[in-house]
S.K.: 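Got a structure here, written out as structure tokens. Questions coming.
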Amino acid sequence: MFPKRGAIALVTTVLGLVLLFSFRTPAPVTGDTAGSNGSTTGSTTGSTTGSATTTNTGATTYTGSTVSTRYGDVAVRITVASGAVTTVEAVELPSGGRSGEISAYVGPILASEALTAQSATIDTVSGATYTSQAYARSLQSALDQAGIAATGTNG
């Protein structure tokens, strides 16, 4: 006769295997670049070109190209006065769910680093590699428009 413990172990093992093999991961979220959740598919590639505007204080604002990542688009705007970057802000960062939480955390860090460095040579923030790299590329695009010398990016 089959021992009682053996039967329980066999049933538990079979149940565990059935649950394991029937587990389905959620489908990746896809959508257009203007989707409500901010998610897109693809690698980090620039999708639009930047722009420049001049304010009445003599400072000029440059918007870097939009860079698409697998988590959403990234675009950076800088303000330049007297040849120096005076402000750096993210115009667009990945949003929705965990990507939005990460963006809210890393946005100020990346802006501070860019302002301090006065270049696109900024450190990648752990846990936000795609966003950090896209931020640096968009920032470099804005710096190029402003005529500020390129110094490279960290990745």
Side-chain angles (χ1 to χ4, degrees), residues 16-155:
L17 288 172
V18 167
L19 291 172
L20 178 66
F21 289 122
S22 65
F23 179 75
R24 300 282 182 247
T25 58
V29 178
T30 60
D32 62 356
T33 57
S36 61
N37 62 7
S39 297
T40 60
T41 58
S43 61
T44 56
T45 57
S47 59
T48 60
T49 57
S51 62
T53 56
T54 303
T55 64
N56 26 335
T57 62
T60 306
T61 302
Y62 300 92
T63 303
S65 62
T66 300
V67 180
S68 297
T69 73
R70 65 189 304 176
Y71 300 106
D73 292 344
V74 177
V76 177
R77 178 183 303 137
I78 63 171
T79 303
V80 178
S82 302
V85 178
T86 57
T87 61
V88 179
E89 63 180 318
V91 179
E92 190 170 1
L93 287 173
S95 61
R98 182 72 177 135
S99 294
E101 293 173 10
I102 291 171
S103 293
Y105 172 74
V106 302
I109 294 171
L110 294 170
S112 175
E113 283 195 27
L115 195 55
T116 301
Q118 292 287 302
S119 74
T121 305
I122 55 177
D123 290 331
T124 300
V125 177
S126 178
T129 302
Y130 290 103
T131 301
S132 298
Q133 291 172 347
Y135 193 99
R137 287 184 59 197
S138 181
L139 175 60
Q140 187 61 58
S141 170
L143 293 169
D144 290 345
Q145 291 176 52
I148 297 175
T151 57
T153 59
N154 289 342

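These figures come from a predicted structure and were not determined experimentally.
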S.K.: Who pairs with Ser103 by side-chain contact (heavy atoms from CB on, under 4.5 Å), at least two apart in sequence or on another chain?
M.R.: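 Applying side-chain contact (heavy atoms from CB on, under 4.5 Å) to Ser103 gives Leu93, Pro94.
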
S.K.: What's the verdict on side chain to side chain contact (heavy atoms under 4.5 Å, CB included) for Tyr105 and Val125, showing C-alpha distance, side-chain angles and the deciding distance?
M.R.: CA-CA 10 Å; Tyr105 172 74; Val125 177; 4.3 Å; yes

S.K.: Would you sort out whether Val88 and Tyr135 count as a side chain to side chain contact (heavy atoms under 4.5 Å, CB included), showing the intermediate values?
M.R.: CA-CA 11 Å; Val88 179; Tyr135 193 99; 3.3 Å; yes

S.K.: Which atom names give the shortest non-hydrogen contact between Leu110 and Ile122, and what distance separates them?
M.R.: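 Scanning both residues, the minimum pair turns out to be CD2-CD1, 3.9 Å.
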
S.K.: Work out which heavy atom in Val76 is nearest to a heavy atom in Val91; give both atom names and the distance.
M.R.: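 The pair with the smallest heavy-atom distance is C-CG2, 4.1 Å.
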
S.K.: Mind listing the closest non-hydrogen atom pair of Gln140 and Ala120 along with its distance?
M.R.: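 Distance-wise, the nearest heavy atoms are OE1-CB, 3.3 Å.
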
S.K.: Which pair of non-hydrogen atoms, one from Arg77 and one from Thr63, has the smallest distance, and what is that distance?
M.R.: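 Result for this residue pair: NE-OG1, 3.5 Å.
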
S.K.: Looking only at atom types and distance, does a side-chain atom of Gln118 sit under 3.5 Å from a main-chain N or O of Ala84, one as donor and one as acceptor?
M.R.: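 Side chain of Gln118 to backbone of Ala84, a donor-acceptor pair under 3.5 Å: no, none is there.
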
S.K.: For Ala142, which residues count as a side-chain contact (heavy atoms from CB on, under 4.5 Å) partner, sequence neighbours excluded?
M.R.: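 Ala142 satisfies side-chain contact (heavy atoms from CB on, under 4.5 Å) with Tyr62, Ile78 once adjacent residues are dropped.
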
S.K.: For Ala104, what residues pass the side-chain contact (heavy atoms from CB on, under 4.5 Å) criterion, not counting sequence neighbours?
M.R.: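 If we apply the side-chain contact (heavy atoms from CB on, under 4.5 Å) test to Ala104, skipping adjacent residues, there are no hits.
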
S.K.: Just verifying a value: how many Å separate Leu139 CG and Ser65 OG, rounded to the nearest 0.5 Å?
M.R.: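 One gets 10.5 Å once the value is rounded to the nearest 0.5 Å.
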
S.K.: Mind checking side chain to side chain donor-acceptor pair (under 3.5 Å) for Thr87 and listing every partner two or more places apart, or none if nothing turns up?
M.R.: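 Side chain to side chain donor-acceptor pair (under 3.5 Å) check on Thr87 returns Thr79.
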
S.K.: Can you measure from OG (Ser119) to CG (Leu143) and round to the nearest 0.5 angstrom?
M.R.: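 Answer for the OG-CG pair, Ser119 versus Leu143, is 7.0 Å.
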
S.K.: So which pairs with a foot in residues 101-121 pass salt bridge (Lys or Arg N to Asp or Glu O under 4.0 Å), sequence neighbours left out?
M.R.: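 Qualifying pairs: Arg98-Glu101.
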
S.K.: Between Ser138 (side chain only) and Ala134 (backbone N and O only), is there a donor and an acceptor less than 3.5 Å apart?
M.R.: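 Checking the backbone N and O of Ala134 against the side chain of Ser138, no donor-acceptor pair under 3.5 Å is found.
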
S.K.: Quick one: side-chain contact (heavy atoms from CB on, under 4.5 Å) partners of Leu17, sequence neighbours excluded?
M.R.: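 Testing Leu17 for side-chain contact (heavy atoms from CB on, under 4.5 Å), a comparison that skips the adjacent residues, returns Thr13, Phe21.
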
